[in-house]
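Notes follow once the structure below has been shown.
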Amino acid sequence: MKNHLIIDTSVYFNYIFYNKMYRLINAIIQHELTVYINRNLEQELYRNIPKALKKSAIDIDPMEIIDLIKSVTFYIETTPSFKSSPDPKDNFLFDLALQTQSDAIVTKEKALLEFINSPVEIHDIKWFKERFIVDL
């Protein structure tokens, strides 16, 4: 496995909510993961990270989190083409995964995790944590 991944917004939020973003960043760096984002994923992060921080009561500038994510990911322009996601608003994740030949999408979204006909592997956050263990 090349360890090329797409990390869904729901996973970033999970790490933010529990104030464990450093663990996700350390996993990406220590395991030399190639993580991609595109315009749609970046826009989701811009829209929703302030909400995630507010829910978690963590006092940090949302731009610091976004800049941190951007520092360990690769921005790729994608062409909309995938139209079969169980949640149409997530088609862009498949565009990104397929166009970067990523190994998997990591998500907490139930509809995606249950997507039987997915053209790319889909894994949950537990799989990610077990596969890419980091020191505390």
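The structure displayed is predicted, hence computed values, not measured ones.
Within the 4.5 Å cutoff, the side chain of Y12 has no heavy atoms near those of the E44 side chain. Contact check for Q99 versus S81: side-chain heavy atoms found under the 4.5 Å cut-off. Within the 4.5 Å cutoff, side-chain heavy atoms of D8 are placed close to those of E109. In this structure, L45 and T9 have side chains that are in contact, with non-hydrogen atoms separated by less than 4.5 Å. For the pair T34 and F74, the minimum side-chain heavy-atom distance is below 4.5 Å. Looking at L68 and I25, their side chains come closer than 4.5 Å, going by heavy atoms from C-beta outward. The closest side-chain heavy-atom distance from P86 to L112 is below 4.5 Å. The side-chain heavy atoms of T100 and I6, taken from C-beta on, include a pair separated by under 4.5 Å.
Atom OG in S84 sits 13.0 Å away from atom CG in D90 (nearest 0.5 Å). Here the CG-CZ distance, from L33 to R131, works out to 9.5 Å after rounding to the nearest 0.5 Å. In this structure, CZ on F82 lies 8.0 Å from CG on D95, to the nearest 0.5 angstrom. I37 CD1 to L93 CG: the interatomic distance, rounded to the nearest 0.5 Å, is 12.0 Å. For the atom pair Y46 OH and I66 CD1, the distance stands at 5.5 Å (nearest 0.5 Å). Separating the OG1 atom in T73 from the CD1 atom in I76 is a distance of 9.5 Å, to the nearest 0.5 Å.
Relative orientation of the F128 and F132 rings is tilted, given thresholds of 30° and 60° on the angle between their planes.
In this structure, K129 is positioned above the aromatic face of Y15, its NZ or CZ under 6.0 Å from the six-membered ring centre and within 45° of the axis.
Side chain of D103 to main chain of H4: a donor-acceptor pair is present (N/O by atom type, distance under 3.5 Å, no hydrogens or angles). Side-chain atoms of N38 never come within 3.5 Å of backbone atoms of E77 as a donor-acceptor pair (strictly under, hydrogens ignored). When atom types are taken as modelled, the side chain of S56 and the backbone of L53 share a donor-acceptor pair closer than 3.5 angstrom.
Listed here is the closest heavy atom pair of I7 and I28: CD1-CD1, 4.2 Å.
The hydrophobic cluster around I116 extends to none of the other residues, as no ILVMFWY side-chain heavy atom falls under 4.5 Å of it. Connectivity analysis of hydrophobic side chains (ILVMFWY, heavy atoms under 4.5 Å, direct or indirect) links Y18 to F17.
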With side chain to side chain contact (heavy atoms under 4.5 Å, CB included) as the test, would you mind laying out the steps for I16 and K55 before giving the verdict?
CA-CA 10 Å; I16 291 168; K55 284 183 181 179; over 6 Å; no
Worked verdict on I29 versus V72 for side chain to side chain contact (heavy atoms under 4.5 Å, CB included)
CA-CA 7 Å; I29 293 168; V72 295; 4.2 Å; yes
I would like to know whether I105 and H123 meet side chain to side chain contact (heavy atoms under 4.5 Å, CB included); could you show each step before the answer?
CA-CA 6 Å; I105 296 171; H123 295 287; over 6 Å; no
Test S102 against L5 for side chain to side chain contact (heavy atoms under 4.5 Å, CB included), laying out the working first.
CA-CA 5 Å; S102 290; L5 301 172; 5.9 Å; no
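Side chains of K108 and N14: a donor on one and an acceptor on the other come within 3.5 Å.
Between K89 and D87 there is a salt bridge, since at least one side-chain N of the basic residue sits less than 4.0 Å from a carboxylate O of the acidic one.
Placement of Y22 and I133 in two distinct hydrophobic clusters is found when ILVMFWY residues are connected by side-chain heavy-atom separations under 4.5 Å, directly or transitively.
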